[in-house]
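Take a look at the structure below.
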Amino acid sequence: MKKVTSTEMNSIDAFSIKAIGIPGIVLMENAALKVVKNIDLEKYNKFTIVCGVGNNGGDGLAVARHLIVEGKDVDVFIVGNIDKGSKDFYLNYNILDNMVVDIHHISSEENLKKLSKSLESSDMTIDSIFGTGLKRNVEGIFEKTISLINEKSNYILAIDIPSGLNADNGEVLNICINASKTVTFQLPKVGLYEFNGKKYAGEVIVEPIGIPNMAINKVLGKI
Ligand SMILES: NC(=O)C1=CN([C@@H]2O[C@H](COP(=O)(O)OP(=O)(O)OC[C@H]3O[C@@H](n4cnc5c(N)ncnc54)[C@H](O)[C@@H]3O)[C@@H](O)[C@H]2O)[C@@H](O)CC1
Ligand SMILES: [K+]
């Protein structure tokens, strides 16, 4: 299967949304359901989900919703300024808010302590901090959060890309999530198979999320 860069993937997503008319939230919901499909719900019961404020974060919020509806014990954390949230991030944020789900914002040392406790007591940590939108070095509270996740988690599943990995070349942008498994959407991203990619992504599972071949062929120039 053709490996793609983040730019190519974003163009394929955009073509599906703008030219074909598949709402982004439909792709996000499909993505979330494919993540849940790859979790053994007999084995894992308590989850810590750490979300950024972009669409990767939105995926994580949707996964949290499905796990809660399945009766699982889910702690939801957000790292980043939610005022900068993407449209679809907000949509899923508001749904959880309306479901009166406790959402912890990692903005201070205090919350990092709460995160640490949650990670230690969870069977699985789900990383939805950054996906293909990571563009610069991971620093500050993001670096502290990723370091804590790596240190305290029992098992880490990454959504689309382990956060901190450059999806285009497999470079580590200062620090990266050490995932046991990565569920990546629709097409494999180049960086997942480069040296660091193998090291940080763990087992990579490529899951289609309903993007028509027409969008893929259009962007990759096969037509
Ligand atoms: N509609 C779509 O395009 C879909 C996108 N999907 C998900 O969306 C992801 C891409 O989403 P986005 O393009 O919103 O980007 P991301 O969600 O990957 O990350 C972008 C966010 O992180 C911030 N950021 C980037 N680098 C940073 C750094 N070094 N330090 C701190 N903050 C940083 C940006 O300001 C932005 O808020 C994919 O990986 C996938 O998981 C899926 O939901 C499928 C549909
Ligand atoms: K991620």
Side-chain angles (χ1 to χ4, degrees), residues 4-35 49-63 77-93 106-107 125-146 149-150 153 156-168 171-192 197 200-202 204-211 215 219:
V4 292
T5 65
S6 56
T7 309
E8 286 169 329
M9 194 67 238
N10 289 344
S11 307
I12 292 167
D13 281 340
F15 186 89
S16 307
I17 295 166
K18 297 198 179 75
I20 301 178
I22 302 173
I25 199 67
V26 168
L27 295 175
M28 184 173 280
E29 195 71 5
N30 291 348
L33 289 167
K34 288 298 178 80
V35 171
I49 304 188
V50 189
C51 307
V53 296
N55 286 337
N56 193 251
D59 295 345
L61 294 175
V63 168
F77 289 84
I78 290 179
V79 58
N81 180 350
I82 69 163
D83 296 344
K84 285 200 199 139
S86 70
K87 180 171 70 64
D88 293 338
F89 164 87
Y90 268 131
L91 211 152
N92 275 304
Y93 182 89
I106 305 172
S107 51
T125 301
I126 295 179
D127 155 37
S128 62
I129 302 171
F130 303 125
T132 54
L134 181 67
K135 294 298 170 217
R136 54 191 190 279
N137 265 1
V138 177
E139 280 153 11
I141 194 78
F142 295 91
E143 179 182 2
K144 287 191 182 120
T145 298
I146 289 176
I149 290 171
N150 284 340
S153 295
I156 304 174
L157 183 151
I159 294 186
D160 206 27
I161 312 281
S163 298
L165 192 78
N166 180 321
D168 298 344
E171 262 167 44
V172 168
L173 287 161
N174 184 33
I175 188 172
C176 188
I177 287 281
N178 227 332
S180 300
K181 182 183 280 185
T182 297
V183 178
T184 196
F185 304 128
Q186 199 67 45
L187 292 165
K189 281 48 167 211
V190 173
L192 292 172
Y200 287 98
V204 176
I205 296 166
V206 183
E207 285 281 6
I209 55 169
I211 288 175
V219 170

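Computation of the quantities below employed the complete heavy-atom set of this structure, encompassing side-chain atoms and omitting hydrogens, waters and symmetry-equivalent molecules. When a ligand or atom number is given, it counts from 1 through the structure's own listing order.
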What do the steps show when you test V206 against T184 for side chain to side chain contact (heavy atoms under 4.5 Å, CB included), and what is the final call? CA-CA 5 Å; V206 183; T184 196; 3.8 Å; yes
Apply side chain to side chain contact (heavy atoms under 4.5 Å, CB included) to residues L91 and L61 and explain how you reach the verdict. CA-CA 9 Å; L91 211 152; L61 294 175; over 6 Å; no
In sequence, state the C-alpha distance, the side-chain angles, and the governing distance for D127 and T125, and then conclude on side chain to side chain contact (heavy atoms under 4.5 Å, CB included). CA-CA 6 Å; D127 155 37; T125 301; 5.6 Å; no
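For the atom pair I177 CD1 and I126 CD1, the distance stands at 12.0 Å (nearest 0.5 Å). In this structure, NZ in K87 is found 8.5 Å from CE in M28, a value given to the nearest 0.5 Å.
Residue G131 does not count as close to the K ion (ligand 2), with no N, O or S atom under 3.4 Å. Not a single N/O/S atom of G60, whether from backbone or side chain, sits less than 3.4 Å from the K ion (ligand 2). At least one N, O or S atom of D127, from either the backbone or the side chain, sits less than 3.4 Å from the K ion (ligand 2). In summary, N56 places an N/O/S atom under 3.4 Å from the K ion (ligand 2), meeting the contact criterion. The nearest N, O or S atom of F130 is closer to the K ion (ligand 2) than 3.4 Å. Among the atoms of S128, no N, O or S atom is found under 3.4 Å from the K ion (ligand 2).
Around ligand 1 you find D13, I17, L27, M28, V53, G54, N55, N56, D59, F130, G131, T132, G133, L134, K135, R136, N137, F142, D160, F185, I209, each with a heavy-atom distance below 4.0 Å.
Between OG of S163 and O of I161, the angle at the K ion (ligand 2) works out to 100°, rounded to 10 degrees.
Under the ring-ring contact (aromatic ring centres under 6.0 Å, His included) criterion, Y200 pairs with no residue, sequence neighbours left out.
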Do any side-chain atoms of residues 13-22 form donor-acceptor pairs under 3.5 angstrom with protein atoms, and if so which ones, sequence neighbours left out?
unit_1 : atom_1 : unit_2 : atom_2 : d
S16    : OG     : I12    : O      : 2.9

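A donor-acceptor pair is defined here as one N or O able to donate and one able to accept, closer than 3.5 Å; such a pair exists between the side chain of S128 and the backbone of V50.
Evaluation of the salt bridge (charged side-chain N to carboxylate O under 4.0 Å, His left out) test over residues 172-188, restricted to residues two or more places apart or in two chains, returns none.
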